[in-house]
Amino acid sequence: MPLLLLDLDNTLVDRDAAFRHAVAAFLAEHGLPDTDLAWVMSVDASGYTPRHEVAAALTDRYGSLVPAAPAVRALLDRGAADRVVLAPPAREALGRARAHGWTSVIVTNGRTAQQEAKIRNTGLDRLVDGWVVSQDIGHKKPEPEVFQAAAAMVGASLAGAWVIGDSPHADIAGAHALGLRSVWVTDGRPWTRDSCRPTHVAADVAAAIDHAISTPECASPRL
């Protein structure tokens, strides 16, 4: 049972684009300057800034202008989840993986309610065999327990598995620590880490999936 371990945000789905649209709508709804879009995106840092820190920054900036607590909570809890989409090439690549006998599991850091909303809203729940959210298990990528939990969920071995993701730290370093093969989804970025390297790089998740499922299982990982 060959296994794909797939990151969610900015790998399977463009989380930043969805959140950017949500922020633009938030600013317009409350009559706030659209030039603040870049500031909010910087504070959010692609979702890596802890939620409570983002909430505090937005409440401090807009607290006197909008009913800040509920508006900010709605933006952070539902903004990206309500707008995220699954691109057709990613959908088709997941279908090819399943047709070739691969088991696909989403492995994502984040809050369970928000991440599961993204998975269900995009139809990913019907295209993968399961998912693991860090909040559920008390571990975050790159900790090995997250990847181990994903394999255990579907009764698979990590031997021969591929990790696909956009984060050098969470995804590729996590794969490296376990001796797993990996594909880094670059989004046009150069690789800058010296401690490890991905087995392969790809411009998008569809190309990453296609590479993994077409590589012979006996191929040696380049880690």
Side-chain angles (χ1 to χ4, degrees), residues 1-22 46-47 78-110 112 114-133 141 146-147 149-151 153-168 170-172 174-175 180-189 191 198-219 221-222:
M1 183 189 296
L3 182 63
L4 292 178
L5 302 176
L6 298 143
D7 176 52
L8 178 63
D9 290 330
N10 297 323
T11 297
L12 281 168
V13 298
D14 191 341
R15 179 264 178 199
D16 283 355
F19 187 65
R20 188 179 297 109
H21 292 154
S46 294
R78 302 194 303 273
D82 287 350
R83 290 170 172 80
V84 75
V85 297
L86 181 64
R91 183 183 304 275
E92 292 159 6
L94 287 169
R96 286 192 293 274
R98 176 168 282 178
H100 284 80
W102 286 76
T103 297
S104 299
V105 181
I106 295 171
V107 185
T108 177
N109 290 345
T112 302
Q114 187 179 57
Q115 299 304 80
E116 287 194 347
K118 294 174 189 173
I119 290 168
R120 297 186 191 283
N121 289 348
T122 55
L124 278 165
D125 58 322
R126 299 186 295 275
L127 295 169
V128 300
D129 299 284
W131 54 85
V132 170
V133 183
K141 295 183 296 182
V146 183
F147 303 101
M153 164 179 282
V154 293
S157 168
L158 282 175
W162 284 85
V163 175
I164 295 175
D166 72 299
S167 171
D171 301 311
I172 307 307
L180 304 180
R181 296 179 291 183
S182 61
V183 185
W184 182 49
V185 179
T186 68
D187 193 28
R189 298 166 295 162
W191 183 263
T199 311
H200 184 72
V201 298
D204 55 55
V205 70
I209 292 170
D210 284 340
H211 175 83
I213 66 176
S214 64
T215 300
E217 190 169 348
C218 61
R222 178 175 53 82

Practice task
Test side chain to side chain contact (heavy atoms under 4.5 Å, CB included) on Val13 and Thr122 and set out the steps.
Solution key: CA-CA 9 Å; Val13 298; Thr122 55; 4.2 Å; yes

Which atoms form the tightest heavy-atom contact between [X] and [Y], and what is the distance?
X      : Y      : result
Asp171 : Phe147 : O-CZ, 4.4 Å
Ala203 : Thr186 : CA-OG1, 3.9 Å
Ala208 : Val183 : CB-CG1, 3.4 Å
Asp129 : Thr103 : OD2-CA, 3.4 Å
Val201 : Pro198 : CG1-CG, 3.7 Å
Ser104 : Val128 : O-CB, 3.5 Å

Side chain proximity check, [X] to [Y], heavy atoms < 4.5 angstrom:
X      : Y      : answer
Ile172 : Val163 : no
Leu158 : Leu5   : yes
Ile213 : Arg96  : yes
Asp14  : Val84  : no
Ile106 : Ile119 : yes
Trp131 : Glu116 : yes
Asp7   : Leu12  : no

Exercise for the section: Assess whether side chain to side chain contact (heavy atoms under 4.5 Å, CB included) is satisfied between Arg189 and Trp184, documenting all intermediate values. Expected result: CA-CA 10 Å; Arg189 298 166 295 162; Trp184 182 49; 3.4 Å; yes

Exercise for the section: Step by step, work out the side chain to side chain contact (heavy atoms under 4.5 Å, CB included) result for Leu3 and Val154. Expected result: CA-CA 9 Å; Leu3 182 63; Val154 293; 4.0 Å; yes

Handout entry: Gln115 side chain to Asp9 side chain, donor-acceptor N/O pair below 3.5 angstrom
Key = yes

Between atom [atom1] of [X] and atom [atom2] of [Y], what is the distance when rounded to the nearest 0.5 Å?
X     : Y      : atom1 : atom2 : value
Leu94 : Arg126 : CG    : CZ    : 12.5 Å
Arg20 : Arg83  : CZ    : CZ    : 13.0 Å
Leu6  : Ile209 : CG    : CD1   : 5.0 Å
Leu86 : Lys118 : CG    : NZ    : 13.5 Å

Exercise for the section: Ignoring hydrogens and angles, tell me if any N or O in the side chain of Arg181 forms a donor-acceptor pair with the backbone of Gly160 under 3.5 Å. Expected result: yes

Problem - Side-chain (Lys141) to main-chain (Val107) donor-acceptor, under 3.5 angstrom - result: yes

Practice task
Determine whether the aromatic ring centres of Trp162 and His200 lie less than 6.0 Å apart.
Solution key: no

Practice task
In sequence, state the C-alpha distance, the side-chain angles, and the governing distance for Thr108 and Val132, and then conclude on side chain to side chain contact (heavy atoms under 4.5 Å, CB included).
Solution key: CA-CA 6 Å; Thr108 177; Val132 170; over 6 Å; no

Practice task
Test Arg15 against every option in Asp166, Leu8, Asn10 by the side chain to side chain contact (heavy atoms under 4.5 Å, CB included) rule and name the one that passes.
Solution key: Asn10

